[in-house]
Amino acid sequence: MNILGIDFEEWYHPELVKPFIKNDKKDLKISKGINKILDWLNKRETFATFFVVGELIEKEPTLFDKIISEGHEIAFHTMNHNRLDDEGFKEKFEEELEQFDKLTSGKSKGFRAPTFSLNKNTSWVIDHLIKKKYVYDSSIVPAKTKMYGIPEAPISPYRISSENIAKENKNSALIEFPLLRTKFFGKKIPAGGGFFLRFLPLKTITNEVKSYQKMNIPATFYIHSWELVPELMPSLPLPIVNKFVTYYKLKKALPKMDKLLEKFDFTSFERYLKIE
Ligand SMILES: [Zn+2]
């Protein structure tokens, strides 16, 4: 069994887009794609975890009901898609957890840091999650990219603690689900979603899922809401690298993920952990 997380966020949330958008331009577009996403999961008889940016439920409370009523899971992706190391965010985090809890009737048990910004400087987040009785986190990519990655971290789920995020701590109450990674020309690179799902040949990804299966490790995937409804993603004037990473083969993400759902079994984190 493998795990599917959908990072449910607006077109203006990604780190490569956010700094270029003025506040008064931030209207909701992607949220309107929720029915298409739910229909797709329904067709594939797959449950998923929606890591939702809290402000979207604040603006559109029906999102919560729609996701939950179809048996999917709601988890936390911060209130406004902040990096954990954004200035002043550490002081705000506890309050945000509280806020999200209220918005989601205490249903959230899992967390994903925007842009996988959990690293040794931001490991304080783990203690907050444990204090709030969160069960799991999925913010570690055991590979190296320009923006994130902890290449020395385990590839199978492990108990994570704030002292050393790359090492199992059997006494910790929080389970970490690292994202799928592969080796490409000898380098450890992400394979479980986002740009890498669009960039890598599908064969490379399916072979990696099979090799995880042989090791009895769940392949943990992520996909962005704006990759599932690319027709709602506006074409933005961004610096060239940002534009490339955001839009490269954007329309290929859904058909590729769809093939993976057809070939392998996926479920939400809570169902995988049997805590729903
Ligand atoms: Zn995100």
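First listed ligand is number 1; within each ligand, the first listed atom is number 1. Remember, predicted model here, so these are calculated numbers, not experimental data.
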With Lys90 via side-chain hydrogen bond (donor to acceptor under 3.5 Å, both in side chains) - residues at least two apart: none
Atom of His77 closest to the Zn ion (ligand 1), considering N, O or S atoms: NE2
For Thr182, the option from Val209, Ile189, Asn207 that meets side-chain contact (heavy atoms from CB on, under 4.5 Å): Ile189
Salt-bridge criterion met for Glu152 and Lys167 (N-O under 4.0 Å): no
Contact check: His13 to the Zn ion (ligand 1), N/O/S below 2.8 Å: no
Any side-chain donor near an acceptor of the partner, Thr49 and Glu270, under 3.5 Å: no
Glu9 atom (N/O/S) at minimal separation from the Zn ion (ligand 1): OE1
